[in-house]
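Take a look at the structure below.
Just so we're clear, the structure is a prediction, and the values are computed from it rather than from any experiment. Remember, it's 1-based here, ligands and their atoms both numbered in the order they're listed.
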Amino acid sequence: MWDRKDLLSIDQLGRKDIDSILKYAEVLEPYSNRGNMLDMCNGEVLARVAFEPSTRTFRSFGFVIYKLGGWSDSIYTPRDSSMEKGESKEDTLRTLEQYSNIVLIRDAEVGSVARYADLLDIPVINGGDGSGEHPTQALLDMRTIEKEIGRKDGLKVVFMGDLGNGRTVHSLIKALRKYDNNFFYGFSPEGLEMPGELEGSDYQPLSMDNIYDVVPDAIYMTRIQRERLKSEELREKFLAEQEFYKVNRDKMSRLPQKTKVMHPLPCVGEISPDVYNDPRVIPFVQVRHGLETRMAILALMLGHEDELEQMCK
Ligand code: NCD
């Protein structure tokens with residue numbers, strides 16, 4: 001069972017924890033809309049620290065703490081702070097801890113956020129640690145799957161793209177494994193396969209042609225994470241292959257009506273603009289579901305479970 005001090009990995013959560021977060025997301029959704037808000041987290045402060053670029057994770061958390069009645073401060077780049085003068089990340093975080101109730105941290109190195117969490121007494125949310133994990137993205141993806149597909153078990157999910165470095169994939173496959181009879185397929189360039197420890201008897205690598213035979217409930221795409229590739233040579237090699245790991249009008253026409261195309265974003269060409277309007281293509285629906293899901297995570301980690309339960313009655 002999750003102790004809620006930190007949210008670093010999906011490994012910390014049981015199925016019951018995920019179900020509770022999704023249940024609270026459902027009752028919080030009306031308050032995530034424009035014009036509505038709550039005062040549940042009145043006076044509480046979220047610090048957001050992105051040592052690596054972020055659009056959705058960083059900004060949506062800032063937006064939703066406000067919707068819960070709280071406030072957020074942020075450091076986006078070292079230039080924003082005394083890190084520019086050589087101060088350490090650790091001292092920067094120790095400083096923010098004095099002003100905040102909870103902190104969201106993103107950094108480029110696997111395991112770094114867990115290390116920061118050991119230093120701090122306030123709860124820490126992992127907003128992405130290199131090619132490690134991105135648990136809040138997985139939870140919003142689970143919310144999207146529940147709402148848009150209608151169930152969280154008995155699913156066939158194809159993961160496509162950079163499965164080696166895509167941290168959202170790593171967290172999502174772990175979350176889906178908490179449920180029954182889910183099967184996974186991977187379509188990735190050679191060298192960017194799913195890490196061995198995440199493969200299993202429920203996982204099978206595929207080629208694009210086989211994807212049509214699988215009749216997937218969802219295709220979960222991810223960009224080639226070029227900033228994590230070790231050499232220019234590798235970057236060029238994978239960029240040349242990128243064409244195979246895209247969806248376009250031709251591929252969409254061969255996919256069944258029920259198949260949803262998900263993407264954590266940023267999309268850098270993996271979804272061709274001419275299929276953005278296809279109702280099966282739902283990355284911005286995921287963004288939308290990120291709001292109430294992250295409201296639920298924050299409210300729970302800030303100790304508001306009783307009020308959340310009350311709202312569910
Ligand atoms: C992803 C990330 O940062 O891991 N984006 C996100 O947070 N939604 C995906 C990516 O960078 O490719």
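Side chain to side chain, Ser207 and Asn210 meet the donor-acceptor criterion of an N or O pair below 3.5 Å.
Closer than 4.0 angstrom to ligand 1 sit non-hydrogen atoms from Thr57, Arg106, His134, Gln137, Arg167, Thr168, Arg223, Gln225, Pro264, Leu265, Pro266.
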Report, one line per pair, each donor and acceptor closer than 3.5 Å where one atom sits in a side chain of residues 43-51; sequence neighbours left out.
residue : atom : partner : partner atom : Å
Glu44   : OE1  : His304  : NE2          : 2.8
Arg48   : NE   : Ser72   : OG           : 2.7
Arg48   : NH1  : Phe58   : O            : 2.7

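Ion pair Lys258/Asp217 flagged as a salt bridge, since at least one NZ, NE, NH1 or NH2 atom sits closer than 4.0 Å to an Asp/Glu carboxylate oxygen. The pair Lys251-Glu270 does not count as a salt bridge, with every side-chain nitrogen at least 4.0 angstrom from each carboxylate oxygen.
Heavy atoms from other residues, nucleotides or ligands lying under 6.0 Å from OH of Tyr99 number 12 at most.
Ring pair Tyr245/Phe187: centre-to-centre distance below 6.0 Å.
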